[in-house]
> 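Encoded as structure tokens, here's the structure I'll be asking about.
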Amino acid sequence: MDNFVTIEQIDRAAAFIRARLHITPKIGMILGTGLADIADEVEDADVIPYSEIPEWPLSHVVGHKNRLVVGKLAGQNVAVMQGRIHYYEGYSMSEITMPVRVLQRLGMEIMVVTNAAGAINPDYLPGDVMLIRDTIGLIGMAGNNPLRGPNLDEFGTRFPDMSQMFDRQLMEAARKQAQKLNITLREGVYVGLAGPSFESPADLRFLHFAGADAVGMSTVPETIVARHGGVRVLGFSGVTNKANLDGSTITTHEEVLEAAGVIVPRLKAILLGVLNEL
Ligand code: HPA
């Protein structure tokens, strides 16, 4: 049975966090697998381990630090999630997206979402950063949308529009920064699957045919929930591996973590540039 998070649970977590902060975060950031070091630059930070926050779901994936870092980054008030909760850990869609709701209650107006992803687009290389232009929400399309269950009217309407999941102005700002920094920025469609197994070659050929450029196990539910609440979203995939469309190579979590190390400085530079310009 699905577990639908209530506004009371969201507000309990938000009240606990608010009492520990000395600023109001306007920008939320979710750092994907291996990308948590981007938060090292946050100044004057209040750091709250997820395990202390009431109602907050816990992640146990290697490569996630599992804490909320709230402070100043490139002149902006940010709340950075070092690690996210994945659907494959056994939580409901409503539970894995609860942190997005909490950040909204704390004042989030813009969300930057990042992930580690496999490259379906044959031009992409491990180490590449991809600006997410759109998503294929395969889990939601198959019936498990994060907004299933009672609508939380405090945030948005029952049937929210998703024609512009990623904010055009923020995307343009990211392109400009990448160009200025001389960093290749790919741009494409991210498909979000449930995981935790990586895809079979036939899965990948299907996804390629469907128009996906990168594949991962996150991001789509959080983006849908943020958009439901009217939050502007900017999304990036860090390409950690080539997806294995012909079955000739294997994909491992270690490979994903290793490539993330190359991605961090590139993504960090683009992100700080965008924040500076806001
Ligand atoms: N598939 C799914 N998720 C991923 C991958 C992949 O190849 N790489 C990093 N996350």
Side-chain angles (χ1 to χ4, degrees), residues 29-38 59-66 81-91 93 96-97 112-142 144 146 184-224 235-268:
M29 290 174 54
I30 304 179
L31 301 181
T33 304
L35 306 176
D37 290 353
I38 292 171
S59 170
H60 303 286
V61 185
V62 175
H64 286 259
K65 288 191 176 168
N66 295 315
M81 285 178 58
Q82 281 187 307
R84 60 148 62 77
I85 296 82
H86 298 83
Y87 183 61
Y88 59 72
E89 295 181 68
Y91 293 102
M93 278 292 182
I96 65 163
T97 54
V112 180
V113 65
T114 68
N115 58 58
I120 292 176
N121 187 318
D123 295 337
Y124 293 5
L125 298 169
D128 277 350
V129 177
M130 183 188 91
L131 182 64
I132 307 175
R133 189 187 331 119
D134 203 350
T135 67
I136 300 174
L138 217 51
I139 320 174
M141 285 161 76
N144 208 347
T184 303
L185 183 62
R186 309 289 191 172
E187 187 169 325
V189 173
Y190 173 90
V191 58
L193 307 182
S197 52
F198 290 114
E199 302 71 38
S200 71
D203 286 337
L204 291 163
R205 290 194 297 271
F206 166 79
L207 297 170
H208 182 54
F209 185 67
D213 295 293
V215 56
M217 305 174 191
S218 67
T219 301
V220 180
E222 294 124 318
T223 304
I224 290 173
F236 297 96
S237 288
V239 175
T240 54
N241 55 286
K242 283 221 171 228
N244 178 23
L245 272 74
D246 62 5
S248 63
T249 58
I250 63 162
T251 303
T252 65
H253 188 56
E254 289 67 33
E255 175 187 15
V256 169
L257 291 177
E258 200 177 301
V262 181
I263 293 159
V264 164
R266 295 176 182 171
L267 191 51
K268 193 192 275 185

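In listed order, ligands and their atoms are each counted from 1.
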> Determine whether Lys242 and Leu125 satisfy the following criterion, side-chain contact (heavy atoms from CB on, under 4.5 Å), listing intermediate values before the conclusion.
CA-CA 7 Å; Lys242 283 221 171 228; Leu125 298 169; 4.1 Å; yes
> For Ile263 and Leu35, which heavy atoms make the closest approach, and how far apart are they?
CG2-CD2, 4.0 Å
> For Tyr190 and Ala117, work out which heavy atoms get closest and say how close.
CE1-CB, 4.1 Å
> Any sub-3.5 Å donor-acceptor pair from Asp213's side-chain atoms to Val189's backbone N or O?
yes
> List ligand 1's nitrogen or oxygen atoms that come under 3.5 Å of a protein nitrogen or oxygen, with the partner atom and distance.
{"residue": "ligand 1", "atom": "1 (N)", "partner": "Glu199", "partner atom": "OE1", "Å": "2.8"}
{"residue": "ligand 1", "atom": "1 (N)", "partner": "Glu199", "partner atom": "OE2", "Å": "3.2"}
{"residue": "ligand 1", "atom": "7 (O)", "partner": "Asn241", "partner atom": "ND2", "Å": "2.9"}
{"residue": "ligand 1", "atom": "8 (N)", "partner": "Gly118", "partner atom": "N", "Å": "3.3"}
{"residue": "ligand 1", "atom": "8 (N)", "partner": "Thr240", "partner atom": "OG1", "Å": "3.4"}
{"residue": "ligand 1", "atom": "8 (N)", "partner": "Asn241", "partner atom": "OD1", "Å": "2.7"}
{"residue": "ligand 1", "atom": "10 (N)", "partner": "Ala116", "partner atom": "O", "Å": "3.3"}

> Quick one: closest heavy-atom pair of Arg84 and Glu222, and the distance?
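So the two residues come closest at NE-OE2, 2.6 Å.
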> For residues Ser237 and Asn115, report the shortest heavy-atom separation together with the two atoms involved.
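Ser237 and Asn115 have their closest heavy atoms at OG-OD1, 2.8 Å.
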